[in-house]
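Attaching a single structure in structure tokens format; questions to follow.
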Amino acid sequence: QVQLVESGGGLVQPGGSLRVSCAASGFILAHYSVGWFRQAPGKEREVILCISRSDGVTYYDNSAKGRFAASRDSAKNTVFLQMNSLKPEDTAVYYCAAVMSGCGGSVYDYWGQGTQVTVSS
């Protein structure tokens with residue numbers, strides 16, 4: 001069964017850090033570019049960044065630059081989103097999605113179910 005499963009979300013205080021995981025099953029995630037997205041309450045889903053098959057990272061959300069980073073662990077078939085210096089406005093459901101082509105497109109092949117990240121004191 002092909003699926004992506006996010007985990008690691010939760011409640012964190014402003015200024016804190018969180019690492020969200022995106023684990024793949026049924027396919028080799030290293031063969032795919034992976035985008036990280038988020039959807040805040042009442043807002044549309046937006047792309048944060050994308051990590052390519054060669055592990056290059058493209059940021060699409062300027063607010064994430066310098067605070068968020070993506071990485072892979074191919075042995076675990078998993079991609080990570082490390083989030084530092086979190087702000088209340090980072091509160092959202094975070095999704096990962098995989099696409100066989102490179103970063104920059106709008107159509108992804110597989111999506112995870114999302115994980116809630118809440119930044120609050």
### Query
How about Ser120 and Thr118: does a side-chain donor come under 3.5 Å of a side-chain acceptor?
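Short answer, no.
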### Task
Would you give the length of the straight line joining atom SG of Cys96 to atom CD1 of Ile51, rounded to the nearest 0.5 angstrom?
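Separation between the atoms: 12.0 Å.
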### Least distance between heavy atoms, Ala97 atom then Leu4 atom
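Closest heavy-atom pair between Ala97 and Leu4: CA-CD1, 3.9 Å.
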### Sole candidate of Leu49, Thr115, Leu18 that passes side chain to side chain contact (heavy atoms under 4.5 Å, CB included) when paired with Leu81
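Among the candidates, only Leu49 passes.
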### Query
Does Arg45 make a cation-pi contact with Trp111, if we ask for NZ or CZ under 6.0 Å from the ring centre and within 45° of the axis?
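Flagged: Arg45 positioned over aromatic ring of Trp111.
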### Message
So, using side-chain contact (heavy atoms from CB on, under 4.5 Å) as the criterion, who are the partners of Ser71 when residues are at least two apart?
### Response
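For Ser71 the side-chain contact (heavy atoms from CB on, under 4.5 Å) partners, ignoring immediate neighbours, are Phe80.
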### Message
Under the rule for side-chain contact (heavy atoms from CB on, under 4.5 Å), what residues qualify as partners of Ala69, not counting sequence neighbours?
### Response
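With neighbours one apart ignored, the set is Tyr59.
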### Task
Using the test side-chain hydrogen bond (donor to acceptor under 3.5 Å, both in side chains), find all partners of Gln39 that sit at least two apart in sequence or belong to another chain.
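Partners of Gln39 by the side-chain hydrogen bond (donor to acceptor under 3.5 Å, both in side chains) criterion come out as none, since no residue qualifies.
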### Single-linkage hydrophobic cluster Leu86~Val93, side-chain heavy atoms < 4.5 angstrom
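No; tracing contacts between hydrophobic side chains, which count when under 4.5 Å, never links both residues.
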### Spacing of Ser63 atom OG and Glu89 atom CD [to the nearest 0.5 Å]
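The distance works out to 8.0 Å.
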### Query
Would you say the side-chain atoms of Thr78 and Asp73 include a donor-acceptor pair closer than 3.5 Å?
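Side chains of Thr78 and Asp73: no pair found under 3.5 Å.
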#### Entry: Thr91 side chain near Gln116 side chain, heavy-atom distance below 4.5 Å
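Sidechains of Gln116 and Thr91: in contact.
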### Query
Does the separation of the ring centres of Phe37 and Tyr94 fall below 6.0 angstrom?
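Centroid distance Phe37-Tyr94: not below 6.0 Å, so no.
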### Query
How far apart are the closest heavy atoms of Ser33 and Cys50, and which atoms are they?
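Shortest heavy-atom separation between Ser33 and Cys50 comes out as CB-SG, 4.0 Å.
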### Message
Rounded at 0.5 Å granularity, tell me how far CZ in Arg67 sits from CD1 in Ile48.
### Response
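Reported to 0.5 Å precision, the distance equals 9.5 Å.
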### Task
Measure the spacing between CD of Glu6 and OG of Ser21 and express it to the nearest 0.5 Å.
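If I round to the nearest 0.5 Å, the distance is 10.0 Å.
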### Task
Mind checking the OG-CE spacing from Ser17 to Met83? Nearest 0.5 Å is all I need.
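Going from OG on Ser17 over to CE on Met83, the span is 9.0 Å.
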### Message
Please report the interatomic distance OH(Tyr32) to CG(Asn77), rounded to the nearest 0.5 Å.
### Response
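Going from the OH atom of Tyr32 to the CG atom of Asn77 covers 10.5 Å.
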### Query
Does Asp90 reach the side chain of Phe68, with side-chain heavy atoms less than 4.5 Å apart?
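Asp90 vs Phe68: side chains touch.
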